[in-house]
Amino acid sequence: MASSNVQAPKGTVDMLPATARVWEHLQRVAQKMFSLYGYEPVYTPIFEHTDVFVRGIGEATDIVGKEMYTFLDKGNPPRSLTLRPEGTASIVRAALEHGLTANGQGAKLYYAGPMFRYERPQAGRQRQFWQIGVEALGMAEASADAEVIALLVRFFEATGIPHDRMRLLINSMGDDVCRPDYRAKIAAYIHAHASVLCEECGRRAETNPLRAFDCKNPGCHSVMASAPLLRDELCDECATHYGAVKAYLDHLGIAYEEDPSLVRGLDYYTRTVFEVQASGLGAQNAIGGGGRYDRLMEQYGGAPTPGLGWAVGFERILLALKAAGIEVPVRPVAEVFVARAVPEVAGDAFLITDSLRRAGVAAEIDHQARSLKSQFKSADRLGARFVVVVGPDEIATGQVTVRDMTAGTESRVEIRDLDTTIIDRLRG
RNA sequence: GUGGGUGUAGCUCAGUUGGUUAGAGCGUCGGACUGUGGCUCCGAAGGUCGCGGGUUCGAGCCCCGUUACCCACCCCA
């Protein structure tokens with residue numbers, strides 16, 4: 001327990017070095033995968049005009065209804081701004097604002113950073129959390145859906161999460177042609193069974209009837225199991241598109257499960273939706289999810305432009321890796337530790353350290369006037385492969401002692417040859 | 001927003017039906033080895049027992065309140 005009376009706000013965490021290093025590793029993995037698939041980075045503001053999220057995500061959603069961090073700024077009149085609760089709305093707004101999809105151009109973009117939602121924290125859920133995501137704009141073909149899904153699956157593979165601890169769920173939510181009819185049909189179904197469904201589902205008939213499918217109430221679950229499925233009510237074009245997506249996934253050998261009850265909570269989704277769940281995470285087991293949003297650009301007043309994408313939660317990837325017992329490779333903090341035997345040679349040791357650093361070697365030195373023994377302990381703890389000992393003897397002869405910490409052997413090296421010798425032994 | 005659980009050293013946790021100076025392991029620092037890590041041994045530092053009230057001769061332990069964290073509902077990545 002900290003002795004301090006100041007602490008991070010509820011639902012936020014400090015990422016200390018042990019976690020932050022894993023974070024950077026995951027970001028490197030992501031960037032490498034994204035570049036293989038032709039995605040380019042985009043950084044948008046962490047806050048937007050509130051309207052960007054209200055129009056994009058939908059007024060009736062929980063995110064907009066009760067989870068946004070919204071505030072007024074000091075403008076005259078004040079503007080209503082909101083800390084971003086997700087990434088897609090901002091990316092689409094930016095793409096439209098800067099004409100990235102003008103004249104039918106496509107754009108493949110990725111983003112990474114913190115998102116903010118006012119929710120009750122629990123396992124795998126914080127008020128500030130990290131997402132990394134991709135958006136493919138201007139691409140209507142089913143092959144784009146398959147590529148985006150493939151990238152999601154392959155990214156998770158690259159992080160080290162084992163196959164048998166993940167599953168990919170897919171579904172189609174239809175479009176403007178078939179979804180309204182289906183939605184009305186489900187609302188009618190709910191009304192017809194209102195007496196046996198829970199109150200919440202009764203309300204859902206008006207707000208978002210499709211949500212009744214993933215109601216946790218066992219009674220509702222069994223009643224909804226007999227409800228008509230959107231999969232069987234898709235219009236011809238949606239059915240064709242969905243079939244093509246599945247065919248592409250089959251072709252790529254990507255395993256998936258069709259889940260007719262998979263419903264994304266954000267209003268902007270159309271047609272293909274998907275989610276990857278990982279085992280061992282508790283209640284919040286979705287580590288990534290997304291879908292197609294062919295009408296979103298129009299919501300912002302742009303030309304009709306198809307789009308699709310996904311987001312993954314970094315905290316949950318960490319949980320999944322931990323649950324699977326996967327150790328993320330961590331590089332040593334220092335490759336070389338420069339130890340000084342007596343305080344009088346501190347200047348020489350410092351110069352040697354600086355020279356190694358300028359030569360591209362991660363070199364560390366003690367700044368706490370500790371004993372030689374302690375300096376060796378530090379070197380060991382930092383994972384240093386070599387310790388360079390600097391003392392009066394070394395300065396007098398111009399040869400430092402180099403100890404190989406793995407082999408346990410020592411040799412003398414001319415100071416002027418030290419950088420190249422160390423580099424040869426480290427990289428050779 | 002609604003439930004349930006838990007707050008004792010930097011970390012993980014003991015702490016008897018309330019009883020004197022609150023403990024262990026790990027970690028940190030020092031020493032054994034006066035210029036050499038990992039193993040071992042010895043020693044040291046480190047604590048408003050979450051916070052505030054109450055009961056009691058006496059509270060880490062009992063009661064009330066409060067706050068934080070955890071887990072679940074809900075929702076989502």
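Chain A is the first sequence line, chain B the second, and so forth, proteins listed ahead of strands; every chain is numbered from 1. Atoms considered below: every heavy atom in the structure, side chains included; atoms not considered: hydrogens, waters and symmetry mates.
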Side chain Thr270(A), main chain Asp294(A), donor-acceptor under 3.5 Å:
yes
Apply salt bridge (charged side-chain N to carboxylate O under 4.0 Å, His left out) to the pair Glu86(A) and Arg117(A), showing each step before the final yes or no.
CA-CA 9 Å; Glu86(A) 57 102 48; Arg117(A) 293 182 200 173; 5.9 Å; no
Any donor-acceptor pair under 3.5 Å linking the side chain of His25(A) with the backbone of Arg21(A)?
no
If the test is salt bridge (Lys or Arg N to Asp or Glu O under 4.0 Å), which one of Arg427(A), Arg357(A), Arg425(A) qualifies with Glu335(A)?
Arg427(A)
Holding to side chain to side chain contact (heavy atoms under 4.5 Å, CB included), I want the full list of residues that pass it with Thr19(A), two or more places apart in sequence or in another chain.
Met15(A), Trp23(A), Leu318(A)
Which of these nucleotides, A72(B), U28(B), U36(B), is closest to any side-chain atom of Arg370(A)?
U28(B)
Nearest-Å distance for atom pair CZ/P, residues Arg127(A) and G1(B)
8 Å
Would you confirm whether Asp51(A), through its side chain, and Val54(A), through its main-chain N or O, come within 3.5 Å as a donor-acceptor pair?
no
Are there runs of at least three consecutive Watson-Crick or G-U pairs touching RNA chain B, with each pair's two distances under 3.5 angstrom? Give them by first number.
B:1-7 with B:67-73, B:10-13 with B:23-26, B:28-32 with B:40-44, B:50-54 with B:62-66
Of the candidates G38(B), C76(B), A72(B), the side chain of Arg403(A) sits closest to G38(B)
OP1 or OP2 of G30(B) less than 4.0 angstrom from a side-chain nitrogen or oxygen of Ser374(A), does that happen here?
yes
Nearest whole Å is fine: how far is C71(B) P from Lys10(A) NZ?
12 Å
Is the aromatic ring centre of Phe129(A) closer than 5.5 Å to the centre of the six-membered base ring of A77(B), with the two planes inclined by less than 30°?
yes
Between CZ of Phe337(A) and C1' of G37(B) the distance, given in whole Å, is 11 Å
Rounded to whole Å, the OH-C1' distance (Tyr269(A) to A77(B)) equals 9 Å
Atom NZ of Lys373(A) and atom P of U40(B) are separated, to the nearest Å, by 13 Å
Nearest whole angstrom, please: distance from the C1' of G27(B) to the NZ of Lys377(A).
12 Å
Per Val389(A) side chain, nearest of listed nucleotides U36(B), G30(B), C75(B)
U36(B)
Between the base of G37(B) and the side chain of Arg381(A), is one N or O donor paired with an acceptor at under 3.5 angstrom?
no
Side chain of Glu67(A) only, please: which of G30(B), C75(B), A68(B) is the nearest?
C75(B)
Nearest-Å distance for atom pair CD/C1', residues Gln122(A) and C76(B)
10 Å
Comparing Tyr118(A) with Glu86(A), nearest RNA chain B nucleotide closer to 5' gives the residue Tyr118(A)
Are the side chain of Arg125(A) and the backbone N or O of Arg120(A) linked by a donor-acceptor pair below 3.5 Å?
yes
Can you tell me how far P of U2(B) sits from CZ of Arg120(A), to the nearest Å?
7 Å
